[in-house]
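See below for the structure under consideration.
Ligands are counted one by one from 1 in listed order, and the atoms in each one are counted from 1 as well. Hydrogens, waters and symmetry mates play no part in the numbers below; they use all other heavy atoms, side chains included.
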Amino acid sequence: MYFISTRGNNEKITASQAIIKGLSTDKGLYVPSTFKDISDQLENLVDLDYKELAYVILKEFLTDYSEKELKYCIESAYDEKFDTEKIAPISKVGNDYVLELYHGPTCAFKDMALTIMPYLLKTAIEKNNLQEEVVILTATSGDTGKAALEGFSDVDKIKIVVFFPENGVSPIQKLQMKTTKGQNTCVVGINGNFDDAQTGVKNIFSDEEFNKDLKEKGYILSSANSINIGRLTPQVVYYFYSYLQLVKENEIALGDKINFVVPTGNFGNILAGYYAKKMGLPVNKFICASNDNNVLYDFFKTGVYDRNRELKLTTSPSMDILISSNLERLLFEISNRDTNKVNSLIDDLNNKGVYKIDEEMKKNLSSFYGGYSTENVVTETIKEVFDKYKYLLDTHTAVAYSCYEKYVEDTNDNTKTVIVSTASPYKFSKDVLSSISNVDNNLDDFEIINKLSDLTNTKIPAPIKELKDLDIKHNITCEKDELKYEILKFLGK
Ligand SMILES: *Cc1c(COP(=O)(O)O)cnc(C)c1O
């Protein structure tokens, strides 16, 4: 098993090399050359804890890591940084299951991968005898930034620069990033939206002159965005884990198919689920949930991906995205790995902002269903679920929940379903609180958090509670054409 590019340049590299490089030389995304089917092992995995299962899954992707190296990375990641030993617990809400991926240090699902990726990268640097220092460059719509900063803070031989849209993240998200400690961290707000940030970072990665210049100065760039296989592969684990938990608790029988509903932005989370299915996990449907930025909904319905529309700022900012980068990996699979097709679609996307897949590819999308929810529906859903079950959803998870309700109405499918919950409601407290009660406009963010806790009788996660006592460490903003300048300034070059 090795990693190849979605764009077919015949590059074949190891997992550790792919983790260092992030993107392929031809700008394609690295994908595993094969998937190991482990369906016949499932019954032996039911009693494993999260870390043990992570080893079983990750060793099928990260094949050049030794057992010792991989276990070191797993042990370092999934420890007391999480507020539950289960790491990814499931709550039963009505007849459905909510998989809570927000028990890590920054209270969002990005922690599931970004707690382990720094160790995977550090190990990769050592394995490959890299001489240069690695500079992690990340564009974030909010959650990735803090999770990456937290994961990489003070990791030797690595520096991290995070760009976020100055007016496209929640106040708590912003505060989380700006208070990050660590000598090797740099946080910059961009006057633009998430796509500006992401495009700016992508352009830097493909800027040969700039990369050459950095290399002479002793640095190489890498990415912590969800295109890196060091992000993607750890996410495969919790799809298996949640399935096996349901088997263990006798909610389903081994071999039963289940649905997953995934609040989707860059298509990394749901793609990891699809990879789990390719490894033999019994899945009926992946319900891809979008907010008002419903590019993916249109794509699943019509086969046309059209980014030519205004980006809307919603109450689920981590899903405010018009170009879902990881979708390229799905195109690769549904075209039966026809890299000519992938190239031609991506060219269309780059040149015209739109592409259309052929009928054959569309047929291979049958395990996906696209849905989307408007802002009103999100608000109503948070209230409805809280009133009915006393279970508090965050805005992103509410998008997923309401898409699932619509799916059931449309299809009458009664397959057991896991709703993937991607953030703590306290990360988006103002919007969550105003869904269930009136919010006095004079309240500051921390008063809102306290009120939410009092009203719902739920506990404020420690990393959020502590925030107000932390010092602001970062206060830089820049224009969208100034990213390179900010990087050099931070490196002191
Ligand atoms: C990142 C994120 C998403 C979107 O996940 P993708 O992998 O980008 O599709 C959804 N919800 C939250 C809270 C997130 O942080």
Side-chain angles (χ1 to χ4, degrees), residues 29 98-114 117 138-151 162 164-165 168-170 172-173 176-177 194-195 197-198 223-229 231-236 238-239 260-276 286-291 293-297 299-300 314-330 368 370-373 378 393-401 403 419-429 431-432 461 464:
L29 275 56
V98 176
L99 172 64
E100 298 177 353
L101 301 180
Y102 55 78
H103 289 271
T106 73
C107 308
F109 109 91
K110 304 293 192 293
D111 289 330
M112 300 305 297
L114 279 164
M117 190 198 163
T138 293
T140 181
S141 54
D143 289 332
T144 306
K146 179 57 181 180
L149 287 161
E150 199 59 33
V162 169
F164 71 92
V169 301
S170 82
I172 293 288
Q173 286 177 318
Q176 279 187 311
M177 288 192 274
F194 173 66
D195 278 330
Q198 178 155 269
S223 144
N225 275 10
S226 61
I227 50 176
N228 192 301
I229 62 133
R231 283 280 304 279
L232 185 60
T233 52
Q235 295 171 1
V236 177
Y238 51 75
Y239 284 92
F260 286 98
V261 192
V262 188
T264 297
N266 228 349
F267 210 75
N269 194 352
I270 195 168
L271 184 83
Y274 180 71
Y275 278 13
F286 290 105
I287 296 148
C288 174
S290 301
N291 62 23
N293 296 294
N294 54 4
V295 188
L296 287 167
Y297 165 80
F299 172 70
F300 285 116
T314 71
T315 54
S316 42
S318 299
M319 299 158 71
D320 291 346
I321 290 174
L322 293 180
I323 300 181
S324 296
S325 308
N326 271 297
L327 196 64
E328 183 170 334
R329 288 186 163 113
L330 184 66
F368 288 90
Y372 80 99
S373 304
V378 171
L393 299 170
D394 97 291
T395 45
H396 303 74
T397 312
V399 168
Y401 196 98
C403 283
I419 293 154
V420 176
S421 176
T422 49
S424 157
Y426 283 94
K427 250 192 134 161
F428 303 93
S429 5
D431 293 313
V432 171
I464 289 180

Exercise for review: Sequence neighbours left out, what passes side chain to side chain donor-acceptor pair (under 3.5 Å) with Lys146? Give chain and number order.
Suggested key: Glu150, Thr180

Check your understanding: For Asp195, what residues pass the side chain to side chain donor-acceptor pair (under 3.5 Å) criterion, not counting sequence neighbours?
Key -> none

Exercise for review: Determine whether His396 and Phe428 make a side-chain contact, defined as any pair of heavy atoms from C-beta on separated by less than 4.5 Å.
Suggested key: yes

Point to revise | Modelled atom types, side-chain donor and acceptor of Ser316 and Thr314, under 3.5 Å | key: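 Checked: Ser316/Thr314 side chains pair up, N/O donor to acceptor below 3.5 Å.
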
Check your understanding: Does a side chain donor of either Asn326 or Asn266 reach within less than 3.5 Å of an acceptor in the other side chain?
Key -> no

Could you list which atoms of ligand 1 come closer than 4.0 Å to a heavy atom of [X]?
X: Pro263; value: 4 (C), 10 (C)
X: Thr264; value: 9 (O)
X: Gly268; value: 6 (P), 7 (O), 9 (O)
X: Ala423; value: 13 (C)

Specify the protein heavy atom at minimum distance from [atom]: its residue, its atom name, and the distance to 0.1 Å.
atom: atom 5 (O) of ligand 1; value: Phe109 CE2, 3.5 Å
atom: atom 8 (O) of ligand 1; value: Asn266 N, 2.7 Å
atom: atom 7 (O) of ligand 1; value: Asn269 N, 2.9 Å
atom: atom 4 (C) of ligand 1; value: Gly265 N, 3.5 Å
atom: atom 12 (C) of ligand 1; value: Thr422 OG1, 3.3 Å
atom: atom 13 (C) of ligand 1; value: Asp143 OD2, 3.2 Å
atom: atom 1 (C) of ligand 1; value: Lys110 NZ, 1.3 Å

Practice item. Grab the two heavy atoms, one from Tyr401 and one from Ile419, that are nearest each other, plus how far apart they are. Key: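 Minimum heavy-atom separation between Tyr401 and Ile419: CD1-CD1, 3.7 Å.
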
Review point. So is Phe267 polar-close to ligand 1, meaning N/O to N/O under 3.5 Å?
Key: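 So ligand 1 has an N or O lying under 3.5 Å from an N or O of Phe267.
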
Exercise for review: For residues Tyr239 and Tyr275, establish whether the separation of their ring centroids is below 6.0 Å.
Suggested key: no

Study note, to complete from the structure: The residue among Ile321, Ile270, Leu327 that forms side-chain contact (heavy atoms from CB on, under 4.5 Å) with Leu296 is Leu327

